[in-house]
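What follows is a single structure, written as structure tokens, with notes after it.
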Amino acid sequence: MQKVVINGDYLAFNTFAGVSRFATEILAELDLMVKDLKVELLTPEYVESLPKFKNIKIVKFGQQPILKWKNTALPQYVKKQEALLVDLTQAFPFGVKGITCVHDCIPELVSTAYNGVFGKLVKKPLKLIQRRAVIKNSVAVITVSEFSKKDIARLYHVKPEKITVVGNAWQHIEKTAYDDTIINKYNLETKKFYFSLGSRVEHKNLKWIVSAALQNPESVFVVSGENSYSKGFDESQFPKNIIFTGYISDGEIRSLMANCKAFILPSIYEGFGIPPMEALAENAQIIVSNTSCLPEIYGKSAHYIDPYQLENIDLDKILTEHVEDPEAVLNKYSWGKSAKTLYSLICRCMR
């Protein structure tokens, strides 16, 4: 029976973003399903914090820095073991075939994600690496939404049947204890503030939040996440009713979602968009863009906005629009269902 090796590079990441969440939660569920398979999670030797699995064996191999490791130690080990590689984090290692997850097509479709000298230098290589991984090095491709599946099929001329949708989910938030210290830290009143979570990269559309804050000065806007990207803004341009928290814990995120008046995701482009689903699980209202995958994922449970419309933003009016109970959305997505889909694909791809 062919061995399965899962790329564990996410365990060496300095930050915990969407791809890390996807890998963490999918593998926790997959671990319960692979009793009859030989499955290993491969990480660099210097990784200290490791998940606890019952059936997936954790193997440490290689000392290289993570960006080098994924193109040296990882393919070297996979080839030596004659294994099937499962890459859930878009590492796209050189010279080895396997199941490749493409979370989104940002290198191809979001020009503003690569501003500045460094961005311009890496944009073309990233496009080529992702293209090569999908076209030449994938025995199968997985992605997180039908929207992304259509983009992948169109951009890379891949037959749709080669692409399997393995969605994100929300159940992880229930495992986290509320941490209300952040509510007290900023003197926030329950259901009196808006919450947004994400970096300041341009396609996340902080401009919309700023515009909304300027036009709704009586409201407070809490923005969490990576704050090293301030493209198009300097601190003097931010209205006083915006609170930037930087990175915060999962417990603090859960408390903000449970207590906010609404969660806002005004992104111009998303491959899936997990945070609004977490917010729905906390019975929060959600305001999201009417672009990319978001209408597919959130259906009639969300209040939709045009992310390019920066004038006449009346949040109270937006929230009066009818939305349906989020139960249909929450029931549709689960990490267990996604892991089961991945497990079936792995079994089909094994020699």
Side-chain angles (χ1 to χ4, degrees), residues 4-31 39-47 49-51 53 56 58-62 64-78 83-108 110 113 122 125-134 137-145 148-149 151-152 163-169 172 198-199 201 226 270-274 335 338-339 341-343 345-346 349:
V4 176
V5 174
I6 300 170
N7 169 29
D9 67 341
Y10 69 98
L11 295 171
F13 291 172
N14 292 325
T15 58
F16 193 86
V19 295
S20 299
R21 174 66 68 194
F22 180 79
T24 297
E25 303 302 335
I26 288 285
L27 293 181
E29 296 292 336
L30 186 68
D31 179 53
V39 181
E40 296 178 352
L41 178 69
L42 189 71
T43 75
E45 293 179 16
Y46 50 80
V47 171
S49 181
L50 298 170
F53 292 134
I56 296 175
I58 297 177
V59 177
K60 292 186 173 185
F61 180 77
Q64 302 93 330
I66 194 61
L67 292 178
K68 186 176 181 181
W69 179 87
K70 69 179 185 179
N71 285 312
T72 53
L74 175 59
Q76 178 186 343
Y77 184 86
V78 172
L84 172 69
L85 174 66
V86 178
D87 174 21
L88 299 177
T89 63
Q90 301 189 141
F92 305 142
F94 290 109
V96 60
K97 291 191 174 185
I99 297 174
T100 300
C101 183
V102 180
H103 287 261
D104 53 55
C105 295
I106 285 177
E108 298 277 0
V110 185
V122 302
L126 287 175
K127 287 175 66 174
L128 292 174
I129 289 169
Q130 184 157 321
R131 182 174 291 271
R132 184 207 69 233
V134 173
N137 290 346
S138 298
V139 296
V141 176
I142 62 175
T143 191
V144 292
S145 64
S148 289
K149 177 177 178 176
D151 276 348
I152 293 166
I163 308 169
T164 300
V165 175
V166 179
N168 285 289
H172 56 276
S199 68
V201 289
E226 176 59 61
E270 291 283 344
F272 187 93
I274 300 175
W335 294 117
S338 295
T341 301
L342 178 59
Y343 173 73
L345 178 63
I346 289 171
C349 292

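From a predicted model like this one, the values you see are computed outputs, not experimental measurements. Atom set for the values below is all heavy atoms of this structure, side chains included, hydrogens, waters and symmetry mates excluded.
Put simply, CD on E108 and CD1 on I152 are 10.5 Å apart, with the number rounded to the nearest 0.5 Å. Taken to the nearest 0.5 Å, the CD1 atom of I26 stands 15.0 Å off from the OH atom of Y343. The CD1 atom of I346 sits 5.0 Å away from atom CG of L30, with the distance rounded to the nearest 0.5 Å. D9 contributes atom CG, which lies 7.0 Å from atom CG of D87 (distance to the nearest 0.5 angstrom). Note: S20 OG to N14 CG = 10.5 Å, rounded to the nearest 0.5 Å. To the nearest 0.5 angstrom, I99 atom CD1 is 13.5 Å from N137 atom CG.
Of all non-hydrogen atoms in A73 and F61, the two that sit nearest each other are O-CE2, 3.4 Å. In this structure, A140 and C349 approach most closely via the heavy-atom pair CB-SG, 3.9 Å. Considering every non-hydrogen atom in both P75 and P93, the closest pair reads CD-CB, 4.3 Å. What you find for R21 and I274 is that their closest heavy atoms are CG-CD1, 4.1 Å.
Here the side chains of V96 and Y77 are not in contact, with every heavy-atom distance at 4.5 Å or above. Taking the side chain as every heavy atom from C-beta outward, L27 and P51 never approach each other to under 4.5 Å. Between L88 and L342 the shortest side-chain heavy-atom distance falls below 4.5 Å. Counting only heavy atoms from C-beta outward, the side chains of Q130 and F92 approach each other to under 4.5 Å.
Shown are D31, V5, I6; of these, the side-chain contact (heavy atoms from CB on, under 4.5 Å) with L41 is made only by I6.
Aromatic ring pairs are classed by plane angle as parallel below 30°, tilted from 30° to 60° and perpendicular above 60°; the pair F22 and W335 is perpendicular.
Other residues, nucleotides and ligands place more than 12 heavy atoms under 6.0 Å from the NZ atom of K60.
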Worked verdict on T89 versus N7 for side chain to side chain donor-acceptor pair (under 3.5 Å): CA-CA 8 Å; T89 63; N7 169 29; 3.1 Å; yes

